[in-house]
There are 2 protein chains.
Amino acid sequence: MASTIPLPRQQRLLQLLRLAEGELSAQELHQRLRDAQQGTGLATVYRGLKLLQQAGLVRCRKLSNGETVYAPLERDEHHLICVQCGSSQPLPLCPLGTSSLGLNAVLLQGFRPLFHTFEIHGLCSRCQQVEVGLDG
Amino acid sequence: MASTIPLPRQQRLLQLLRLAEGELSAQELHQRLRDAQQGTGLATVYRGLKLLQQAGLVRCRKLSNGETVYAPLERDEHHLICVQCGSSQPLPLCPLGTSSLGLNAVLLQGFRPLFHTFEIHGLCSRCQQVEVGLDG
DNA sequence: CCCAAGAGTGAGAATGGTTGTCGTTCTAGC
DNA sequence: GCTAGAACGACAACCATTCTCACTCTTGGG
């Protein structure tokens, strides 16, 4: 599978993601490359991210504002997401644990899993307070 | 909590979602209302969906093409999503089961959960075949 | 060394779902 | 009927992402 050996450009993206504390959007990656005088086109960043994703090296999720953020596959992080303000905070819990709970061939039916996302949507404590403030 | 009693407009949205087989996008809901000669503005549909979501009656998820699709909260469905073609197929497995696995106050820290999403991203069988076809 | 073919790239235009704006309409209370 | 405030509708604006296309780089053959 040649596609699992990323080209230098994609290696660089992966490196940046691994160095980053949290998740990065394509635009942030693009900016960081520019800052490091390794400017590339935004389209190339998107292309590279898609290939990395398909190679099983990077995972992503869509924020409520439409942005997509990326992280290395090995970081198994999930999130609490506020439906009001859109903020997300880490959720120290993975529904699959380290074992592949229930992910057997019967369920997958030929589907080859690369990564998973688990998100709990609700109201963050801040937005609950605002809501109460409006009611009372 | 007054917000848990939706206005007629929002009741109609909820009804349409319950009647629908699968998930509906805001645009599809808008179209169905037009078809039923109950035309409303698109902005109103979005407003209503957001309120329904915050009232804990509707859940949503973002597709890879950027669309957001909505479904009644009581439908606890999750998906396998192809990172290549974007198609999604139902996944008959919920990481929380019917009990609230691990969702204790310590983890939630004041966050009030409304719904959750669980998605497995990977390659669907069709896209795996295409990939093989290109390699060989 | 030169050439051709194909993949990779970059800049900018195009796309399209969603959100914001703002004047109008509806509702509730008097 | 009148007023205040919420809800609404049409349309403009937004912006992350994708598309386009000409250019560059790499590779293999001659």
Side-chain angles (χ1 to χ4, degrees), chain A residues 1-14 23-55 58 60-70 81-88 121 131 134-135, chain B residues 2-3 5-14 23-55 58 60-70 81-88 121 131 134-135:
Chain A
M1 285 190 277
S3 63
T4 57
I5 304 172
L7 298 176
R9 219 53 97 84
Q10 292 151 37
Q11 288 281 15
R12 188 73 182 103
L13 286 173
L14 186 54
E23 301 158 297
L24 292 179
S25 70
Q27 316 250 5
E28 285 166 337
L29 281 165
H30 180 236
Q31 187 58 52
R32 295 202 180 193
L33 285 171
R34 291 191 68 184
D35 292 347
Q37 265 120 31
Q38 297 172 306
T40 65
L42 193 50
T44 302
V45 174
Y46 280 108
R47 281 188 281 245
L49 286 169
K50 181 154 197 177
L51 290 172
L52 284 170
Q53 200 177 321
Q54 289 170 21
V58 159
C60 71
R61 68 186 180 102
K62 273 194 174 322
L63 304 184
S64 56
N65 66 8
E67 265 187 325
T68 306
V69 288
Y70 301 83
I81 297 164
C82 181
V83 297
Q84 176 77 46
C85 67
S87 70
S88 56
H121 299 254
E131 188 180 310
L134 289 175
D135 283 359
Chain B
S3 63
I5 304 172
L7 297 176
R9 217 53 93 86
Q10 292 151 37
Q11 288 281 14
R12 187 75 182 99
L13 286 173
L14 186 55
E23 300 158 298
L24 292 179
S25 70
Q27 315 248 9
E28 284 167 339
L29 280 165
H30 180 236
Q31 187 57 53
R32 294 201 180 192
L33 286 171
R34 291 192 66 184
D35 292 348
Q37 265 120 30
Q38 297 172 305
T40 65
L42 193 49
T44 302
V45 174
Y46 280 107
R47 281 188 281 247
L49 285 170
K50 181 154 196 177
L51 291 172
L52 284 170
Q53 200 177 320
Q54 288 170 21
V58 158
C60 71
R61 68 186 178 103
K62 274 194 171 319
L63 304 183
S64 55
N65 65 9
E67 267 188 324
T68 306
V69 289
Y70 301 83
I81 297 164
C82 181
V83 297
Q84 176 78 47
C85 68
S87 70
S88 58
H121 300 253
E131 189 180 312
L134 290 176
D135 283 357

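Proteins get letters first, then strands, A, B, ... in listed order; numbering begins at 1 in each. Source: prediction; values computed, not measured.
For C/dG10, one of the phosphate oxygens OP1 or OP2 lies less than 4.0 angstrom from a side-chain nitrogen or oxygen of A/R9.
Across every non-hydrogen atom of B/G86 and B/S64, the tightest pair is CA-OG, 3.5 Å.
One atom, CG of B/L33, and another, P of D/dA10, lie 13 Å apart when rounded to the nearest Å. Between the CG atom of A/L51 and the P atom of C/dA7 there is a distance of 13 Å, rounded to whole Å.
The CG atom of A/L13 sits 10.0 Å away from the CD atom of A/Q38 when rounded to the nearest 0.5 Å. Taken from OH in A/Y70 to NZ in A/K50, the straight-line distance is 9.0 Å, to the nearest 0.5 Å. With rounding to the nearest 0.5 angstrom, the CZ atom of A/R9 is 10.0 Å from the CZ atom of A/R47.
With hydrogens and angles ignored, the 3.5 Å screen pairs no side-chain donor or acceptor of B/H30 with any backbone N or O of B/G41.
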Going 5' to 3' through nucleotides 11-19 of chain C, assign each nucleotide B (protein heavy atom under 4.0 Å from a base atom), S (under 4.0 Å only from sugar-phosphate atoms) or - (no protein heavy atom that close).
-> B-----SBB

